[in-house]
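Basis for what follows: all heavy atoms, side chains included, without hydrogens, waters or symmetry-related copies. Proteins come first, then strands; the chains are lettered A, B, ... in the order of their sequence lines, and each starts at number 1.
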Number of protein chains: 2
Amino acid sequence: MRRDSRLSRMLHVLIHMDRHYKRATSDTIAQMLGTNAVVVRRTMAGLRKQGYVHSEQGHGGGWELARALTDISLFDVYQAIGAPPLFAIGPSVEQPECLVEQAVDARLNDALQEAETLLLERFRSVTVADIAQDFDACFAEHTHHA
Amino acid sequence: MRRDSRLSRMLHVLIHMDRHYKRATSDTIAQMLGTNAVVVRRTMAGLRKQGYVHSEQGHGGGWELARALTDISLFDVYQAIGAPPLFAIGPSVEQPECLVEQAVDARLNDALQEAETLLLERFRSVTVADIAQDFDACFAEHTHHA
DNA sequence: AATACACGTAACCCGTCTTGTTACAGAAAG
DNA sequence: CTTTCTGTAACAAGACGGGTTACGTGTATT
Ligand code: FES
Ligand code: FES
């Protein structure tokens, strides 16, 4: 359990639901992700709150897409899972007294802020549908050579 | 203990040694960082291995700079502490079978790689001396208004 | 109504990683 | 020889993502 994989997993699920099965239970999804149904529900709760997916209880229930993949960006999904911290490094304390430490943290935060801005910009500019198309292309390539 | 603060701390120490006391014991450094002497030795061991600082044992020993701050970049320090992981998010597994997951991870890694490149580029282009100068400027400003 | 199915959520444990702490060995100066 | 340092190993603490169990709730089937 090193790095937070929730974003990756949720993207996978969204595309899976769009391309394979419009409706899927937590258990099915958990199996394909190699994890647990509770983890799936826990993570997808965020997506539901934002209205990207819809869930129904009881017999025949499960999860289904509530929006087109073209209307969901990586940033949307990132936000939906709670916008977890992006970086594993950072300053030591929030409000350091020492002026040197303030200068250090300012420079460090500058660089981190730049990288974060770039990363989130990329997230904003890519839709889940874009990734699905990548898959389509890769799949076509795959079958073409077979 | 949220984010790895070793980089920030080591930068602080380097500038402290250059501007205040050329020689300092682990205990002194630990006190100014608000931590423990063993943690200081542990972290600074990397800087010593790279030849940025020098340590001497026994009575009157301690740490001192072995290179000018102008010759040490943030990237150097980052490398010296072991180049810890920069990001807290990432793909779930290394070699996914599912082509969708591969497409997801490819896009994700693309964005992360871009951000990492930018961040390390910034680290490379800033020397510890640059930060020390920031401090000088801030300090002058501070006393000027007093 | 009873049952099976599936989500919702809380509670708990586990693995990993940084950080803090204790303990002890070795080296250098007084 | 004692004091003052570093060098390391070993271990505990705290945080966090992730896995698991348990139980409640809603819904379709019988
Ligand atoms: S398992 Fe369905 S898309 Fe990967
Ligand atoms: S304590 Fe010496 S520079 Fe911050």
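Residue contacts shown for B:Arg23 are absent, as no nucleic acid heavy atom lies under 4.0 Å away.
Between A:Leu7 atom CG and D:dG18 atom P the separation is 11 Å, expressed in whole Å. A:His54 has its NE2 atom 11 Å from the C1' atom of C:dC7, to the nearest Å. Rounded to an integer number of Å, the gap from A:Gln57 CD to D:dT27 C1' is 8 Å. Regarding B:Arg48, its CZ atom lies at a distance of 17 Å from the P atom of D:dC5, rounded to whole Å. In this structure, B:Ile29 atom CD1 and D:dT6 atom C1' are separated by 12 Å, rounded to whole Å. Residue A:Ile81 contributes atom CD1, which lies 13 Å from atom C1' of D:dG18 at whole-angstrom precision. Atom CG of A:Leu33 is separated from atom P of D:dG17 by 18 Å (rounded to the nearest Å). Following rounding to the nearest Å, B:Trp63 (CH2) and D:dC5 (P) show an atom-to-atom distance of 14 Å.
In this structure, the nucleotide among D:dT21, D:dG7, C:dC7 sitting nearest to the side chain of A:Asn36 is D:dT21. When distances are taken from the side chain of B:Arg42 to each of D:dG18, C:dG20, D:dG7, the shortest belongs to C:dG20. Here the nucleotide nearest the side chain of A:Val39, chosen from D:dT20, D:dT6, C:dG20, is D:dT20. Each of C:dG20, C:dT18, D:dT6 was ranked by its minimum atom distance to the side chain of B:Pro84; first place goes to C:dT18. Minimum atom distance to the side chain of A:Thr35 is reached by D:dG19, of the listed C:dT19, D:dG7, D:dG19. For B:Arg2, the listed nucleotide lying nearest its side chain is D:dC16; candidates were D:dC16, D:dG7, C:dG8. Closest to the A:Val38 side chain, of the nucleotides D:dA22, D:dT6, C:dC7, is D:dA22. For A:His59, counting side-chain heavy atoms from C-beta on, the closest listed nucleotide (C:dT19, D:dA28, C:dG8) is D:dA28.
Residue B:Ser55 has a polar side-chain atom (N or O) positioned under 4.0 Å from OP1 or OP2 of D:dG7. Of the side-chain N and O atoms in A:Thr25, none sit less than 4.0 angstrom from OP1 or OP2 of C:dA6. In this structure, B:Ser26 does not reach the D:dC5 phosphate: none of its side-chain N or O atoms is under 4.0 Å from OP1 or OP2. Between A:Arg6 and the phosphate of D:dG17, there is a side-chain N or O to OP1/OP2 separation shorter than 4.0 Å.
Where A:Arg3 and A:Gly60 meet DNA chain D, the nucleotide closest to each residue was compared, and A:Arg3 sits on the side nearer the 5' end. Of the two residues near DNA chain C, B:Arg41 and A:Asp27, the one whose nearest nucleotide lies more 5' is A:Asp27.
Classification of A:Arg19 and A:Asp136 as a salt-bridged pair holds, one side-chain N sitting under 4.0 Å from a carboxylate O.
B:Glu101 places no side-chain N or O within 3.5 Å of a backbone atom of A:His12 that could act as its donor or acceptor partner.
Side-chain contact between A:Leu74 and A:Ile131 is present, with heavy atoms from C-beta onward closer than 4.5 Å.
More than 12 heavy atoms of other residues, nucleotides or ligands shown are found within 6.0 angstrom of CZ on A:Phe87. Remark: A:Tyr21 OH is loosely packed, at most 12 non-hydrogen atoms of other residues, nucleotides or ligands lying under 6.0 Å away.
With respect to A:Val53, the side-chain contact (heavy atoms from CB on, under 4.5 Å) criterion is satisfied by exactly one of A:Ile72, A:Val13, A:Leu47: A:Leu47.
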